[in-house]
Amino acid sequence: MIIRVQKTDLRSFFIAAQMLFSWLNFKKIIVKRITILLLLLGQFVFAQEKQMSLEDAILGRYSSLRVESMSGLNWRSASDYTYVKGDSLMVAEARNGEEKLLLNRSQLEEITGEKFGGFPYYSWKTEMEMLFRFRNKFFVVNLPDQQLLHRIQFPEGAEPAIFSETGNYVVYVQDDNLYIIDESGKSTAITKDGGIGIVYGQSVHRNEFGISGGIFISPNAAYVAFYRKDETMVKDYPLVDYMTREAEYTPVKYPMAGMESHHVMLGVFNVVSGKTVYLNTGEPLDHYLTNVTWSPDEQHIYLAELNREQNHMQLNCYDASSGERVKTLFEEKADTYVEPLYPIQFSKVNPDEFYYLSRQDGWFHVYKYNTDGALIKQLTKGEWEVTRLIGFDEKEREMFVEGTLDDPLQNHIFSVDSKTGELEKLSKEEGVHGAILSPDGAYILDRWNAPGVPSKIDLVSAKGKLIRTIFAADDPLRNYDLGENKLVTLKTKDGNYDLHARLILPNNFDPSKKYPVVVYVYGGPHSQLINKSWHNQARWWQYYMASKGYIGFTLDNRGTNNRGRAFETAIHRQLGILETEDQMQGIEYLKSLPYVDPTRIGVHGWSYGGFMTLNLKLRHPDVFKVAVAGGPVVDWSMYEIMYGERYMDMPQENPIGYEAANMTNHVKSLVGKLMLIHGVQDETVVMQHSMKFIRECVKQNKQVDFFAYPTHPHNVRGKDRVHLMQKVSNYFFENL
């Protein structure tokens, strides 16, 4: 896949035309008018050749050069959808595309008595009722009557705050305790012992296992389930705020691999009685509770429970009123790890059946079970990944999923016959597609982009027929001179797997010249840096470097996403080994190119990419002349439990693996230029990693450069990111 920026060759025309008009000696007025035209055409030439600046690459991408999209796109009913246009909410008929104004901001302000800075976030409760959130307030509005039905305000700064659409109340967290408030303003404390290591209603297990929140309201709003996290047994990890007059100690709880972990329970609050019970999930107390799901009748809660070793999962059912375990439906085990990521989805046709997305056969696929735990059917199969279960038609005869059937670099939309498993591809164009399914499953809003398509939204029938394109974004880079961007497929050293990579050539590329290369690397689990989205998912910084005469290269190694369990888990207990081997396959490819200068290869990455940068630089010091490692993991025994132990087991269980992956053990190999960069307030990869590495460099008399970003956590964002990437760029300019 190659992306080229087409240039109109008007320079030659400009020069030839000037000569022609001089030779013909036209009248002055004619010459004057044509000269103006030529000047305008000349300006067009130069506009076509605008260079990517660092500010464009870092800040412009999310502001002036951001790809436009449709805001607030949502289905109101089975036959029409809504979206925000300026300060107005528009509605469009799916069948004929007829559009009209539904509600504007001034009308909404009059209904609610609130002043909005723009049209606020909204969702549809019913076809007639809308839910709005603005700051610390929720509003429910009856649209036909333009009447305010409910208004609930909760304390400022109280987060998370979840509105119950069936109960018309809000559950929120304040000072680590959980509260419920109704529209009368009456607030009731669900918990009272939060604080000093006890946290309620928040995400737990450091957002692993698909966890993104800690409040779970039952379908009919009779109960509120919530996480209780006890961190009192976890040591305070020292962080310091240096920006106060006297530096302040700002500790965080950071359980490191092999050490004591926090304990999690799931509470269930009865909204009517005001009583709370906790599920009797038993011991050991440091196991993981995830994928929380209410049964449709609110009588049971289903949990995926995972042992701390993360190699044995049970899907368990609990009685919501007593908290007692009812049964274990099924189990999953693995020699490497089991990682439940998706809660079960109950059938709306048969409440005693549910759908589950699992990798139990080596690839993410959809399975249908009954509530006794019996497998009814595996609905999708094959060596490809279902990336999302979208939904169903009204009778669940057709299931809609997103997946990688054609190509692991693409994401497409499919319908699946629930009886036969027969698939039909609904998205036709190459690229990365995502679906918004109408309530009855008759229509799909297909939001997609591709290497040469910034953003597009198509309305498609459930049979895949294109009804109309409802949005197509302009290309914000159309006036920029960008290096050629192409995809490359290589092989692992053993020949068993394809490796996908992206190559960006310098502007005004001359194949007879020799160019330096900057490898951008991440390489960790749950990542995929190469796909067939817009510009093949390139970082704009790589285009900036290309404008300065550098080749950009990125490769997805084993361990990365959407390639199946074997590809991902190959790195288990030996992080950095196979990933480095795969990256070196990319280096061998680069060396085979006549226009690559093999003596000038650099590498840069952040977080896991910082770890990989150190691996590449230290394991192959003769290859990488310059390296910049940001927020690098240096020693996995100093990384947090949930992620670290999944991929490396405990240090006491895998001492050889931990030693091999400890970058301080490879400092002796350091030659050339290496810079480490770290955020001072980093709570993800704590600065201790860089400090220990630097200390070892000093002990071995190895020179290394270092820069710290005060106030910044794991990554440097905002306007300071321009400073960061200028520093990274300058390091390559000066040394490569």
Side-chain angles (χ1 to χ4, degrees), residues 1-11 42-67 451-452 454 474-488 501-521 529-530 533-555 590 593-597 599-606 625-628 630 673 675 716 719 721-736:
M1 176 59 58
I2 299 176
I3 300 175
R4 299 180 189 272
V5 177
Q6 300 296 328
K7 302 176 185 176
T8 305
D9 187 12
L10 295 176
R11 277 199 182 92
Q43 289 176 358
F44 178 74
V45 170
F46 294 115
Q48 282 286 86
E49 295 184 346
K50 187 175 181 181
Q51 299 297 308
M52 176 75 70
S53 71
L54 191 61
E55 288 74 15
D56 289 338
I58 305 306
L59 299 181
R61 180 164 195 167
Y62 304 102
S63 55
S64 60
L65 296 175
R66 179 176 56 87
V67 176
D474 291 332
D475 182 355
L477 300 185
R478 60 189 176 276
N479 293 329
Y480 281 79
D481 179 21
L482 304 177
E484 181 183 328
N485 177 335
K486 59 183 179 180
L487 298 180
V488 177
R502 180 183 58 241
L503 186 72
I504 297 177
L505 298 177
N507 300 30
N508 302 314
F509 173 69
D510 182 348
S512 67
K513 291 184 177 180
K514 294 280 190 180
Y515 293 95
V517 179
V518 175
V519 175
Y520 177 74
V521 63
L529 299 188
I530 314 299
S533 61
W534 193 45
H535 285 271
N536 299 326
Q537 207 184 174
R539 294 163 61 88
W540 288 13
W541 174 71
Q542 292 173 297
Y543 280 135
Y544 168 73
M545 295 299 287
S547 74
K548 301 298 182 182
Y550 292 79
I551 292 173
F553 184 78
T554 299
L555 179 143
L590 289 171
L593 301 175
Y595 46 81
V596 166
D597 185 345
T599 67
R600 291 189 295 160
I601 297 178
V603 58
H604 167 54
W606 201 277
K625 184 179 180 183
V626 182
V628 182
K673 301 295 292 185
M675 172 180 278
V716 179
K719 63 182 180 64
R721 189 164 182 83
V722 177
H723 185 281
L724 163 68
M725 296 314 298
Q726 187 66 69
K727 178 162 289 295
V728 174
S729 304
N730 287 346
Y731 203 70
F732 290 116
F733 297 157
E734 294 164 5
N735 299 296
L736 199 62

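With sequence neighbours left out, the side-chain contact (heavy atoms from CB on, under 4.5 Å) criterion links Leu593 to Leu503, Tyr589, Leu590, Tyr595, Val596. For Asp474, the side-chain contact (heavy atoms from CB on, under 4.5 Å) partners two or more places apart in sequence, or in a different chain, are Arg478. Taking Asn507 as the reference, Gln51 meet the side chain to side chain donor-acceptor pair (under 3.5 Å) condition, with sequence neighbours excluded. Evaluation of the side chain to side chain donor-acceptor pair (under 3.5 Å) rule for Asn730 yields Gln726 as partners, not counting sequence neighbours. Partners of Phe732 under the ring-ring contact (aromatic ring centres under 6.0 Å, His included) rule, at least two apart in sequence or in another chain, do not exist in this structure. In this structure Lys673 satisfies the salt bridge (charged side-chain N to carboxylate O under 4.0 Å, His left out) test together with Asp705, sequence neighbours excluded. Residues passing the side-chain contact (heavy atoms from CB on, under 4.5 Å) test with Lys514, sequence neighbours excluded: Asp597. Listed by chain and residue number, nothing satisfies the ring-ring contact (aromatic ring centres under 6.0 Å, His included) test with Tyr731 (two or more places apart in sequence, or in another chain). Evaluation of the side chain to side chain donor-acceptor pair (under 3.5 Å) rule for Glu55 yields no partner, not counting sequence neighbours. Every ring-ring contact (aromatic ring centres under 6.0 Å, His included) that Tyr550 has, sequence neighbours left out, goes to Phe733. Shown here are the side chain to side chain donor-acceptor pair (under 3.5 Å) partners of Trp540, two or more places apart in sequence or in another chain: there are none.
Side chains of Tyr515 and Phe509 form a contact here, defined as non-hydrogen atoms less than 4.5 Å apart. At least one side-chain heavy atom of Leu529 sits under 4.5 Å from a side-chain heavy atom of Tyr520. For the pair Ile601/Phe553, no side-chain contact is recorded, criterion being any heavy-atom separation below 4.5 Å from C-beta on. Side-chain contact between Leu482 and His535: present, with at least one pair of heavy atoms (C-beta onward) separated by less than 4.5 Å. Leu54 places a side-chain heavy atom less than 4.5 Å from the side chain of Met725. Side-chain contact check for Ile504 versus Ile551: every heavy-atom pair is 4.5 Å or farther apart.
The nearest pair of heavy atoms linking Trp534 to Gly452 is CD1-C, 4.2 Å. In terms of heavy atoms, Met545 sits closest to Ser729 at SD-OG, 3.8 Å.
Checking Gln542 against Thr554 by side-chain atom types alone, a donor-acceptor pair falls below 3.5 Å. A side-chain N or O of Asn485 and one of Tyr543 form a donor-acceptor pair less than 3.5 Å apart.
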